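Since the structure is predicted, the reported quantities are computational estimates derived from the model, not experimental observations. One is the number of the first residue; the rest follow in order along the sequence.
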Amino acid sequence: MDELKNIAPELSKLEKEVPFRTPKNYFDDFSARMQVRMEMEKQAEQVPEQKPKIIQLLKPFIGLAASFALIFLLVYVPIKTFVKPEITEVASTTETGTSDSEILNIIEGLDESSFFALLDEPETSDEFTNDDLVLYVSANFTDYEIFEITKN
């Protein structure tokens, strides 16, 4: 003890008591409190479990559908916004410079008599040369396809 007074005089002045104690009269009504607690636990066990509702069963699927929809919107909308419609129309333009939509508009505007009149007209006087044929074949066929055709 003298040693403690020499090393830490303030610590030696503190009283030496147990800091943890039971409250007064704790054990007087302990059995009654324990009985009430046990009855509450029994009642909680006796309550039947509720069946899962359909919303609880569908929650994962709804979440997946919502995430796919969000990803689609985050990808599709910017692409549609930034990709210009002229790019798709340029891709469908034929060699003559007219697009597929223009050709369809012309065909839709024809009636039967005009259509048959176009069929009966003699062909134009544009001549098809050998150079035109070579250009067409080289643009539309691979070397292997040309070889197969000439082999037969």
Student: Would the number of heavy atoms belonging to other residues, nucleotides or ligands and lying under 6.0 Å from CG of D28 be above 12?
Tutor: yes

Student: Starting at CE of M40, measure out to CD of Q43 and round the result to the nearest 0.5 Å.
Tutor: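 Going from CE on M40 over to CD on Q43, the span is 8.0 Å.
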
Student: Count the heavy atoms belonging to other residues, nucleotides or ligands that lie under 6.0 Å from CD1 of I54, then report whether that count exceeds 12.
Tutor: no

Student: Carefully, step by step, assess Q35 and F30 under the rule side-chain contact (heavy atoms from CB on, under 4.5 Å).
Tutor: CA-CA 9 Å; Q35 188 67 27; F30 178 74; over 6 Å; no

Student: For the side chain of E41 and the backbone of M38, is there at least one donor-acceptor N/O pair under 3.5 Å apart?
Tutor: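 Between the backbone of M38 and the side chain of E41 there is no qualifying donor-acceptor contact (under 3.5 Å).
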
Student: Does a sphere of radius 6.0 Å around CG in D143 hold more than 12 heavy atoms from other residues, nucleotides or ligands, not counting ones at 6.0 Å or beyond?
Tutor: no

Student: Kindly assign one of parallel, tilted or perpendicular to the pair F72 and Y76, based on the angle between their ring planes and the thresholds 30° and 60°.
Tutor: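 Parallel.
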
Student: Taking atom OG of S138 and atom CG of L133, what is their separation to the nearest 0.5 Å?
Tutor: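 Atom-to-atom, S138:OG and L133:CG are 9.5 Å apart.
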
Student: Taking side chain as C-beta onward, heavy atoms only, is D132 less than 4.5 Å from T129?
Tutor: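 Heavy-atom side-chain distance check passes, below 4.5 Å.
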
Student: State plainly whether one hydrophobic cluster holds both L64 and I71, where clusters connect Ile, Leu, Val, Met, Phe, Trp and Tyr through side-chain heavy atoms under 4.5 angstrom apart.
Tutor: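 Different clusters.
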
Student: Is there a path of hydrophobic side-chain contacts, each under 4.5 Å between heavy atoms of I/L/V/M/F/W/Y residues, joining F68 to V75?
Tutor: no

Student: Does the side-chain contact (heavy atoms from CB on, under 4.5 Å) test come out yes or no for K53 and L57, once each step is laid out?
Tutor: CA-CA 7 Å; K53 295 180 181 177; L57 293 174; over 6 Å; no

Student: Check the hydrophobic clustering (I, L, V, M, F, W, Y; side-chain heavy atoms under 4.5 Å; chains of links allowed) and say if V134 and I146 are grouped together.
Tutor: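 No, separate clusters.
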
Student: Please check if the side chain of R33 supplies one atom and the backbone of Y26 the other of a donor-acceptor pair under 3.5 Å.
Tutor: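 Flag set: sc R33 to bb Y26 pair under 3.5 Å.
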
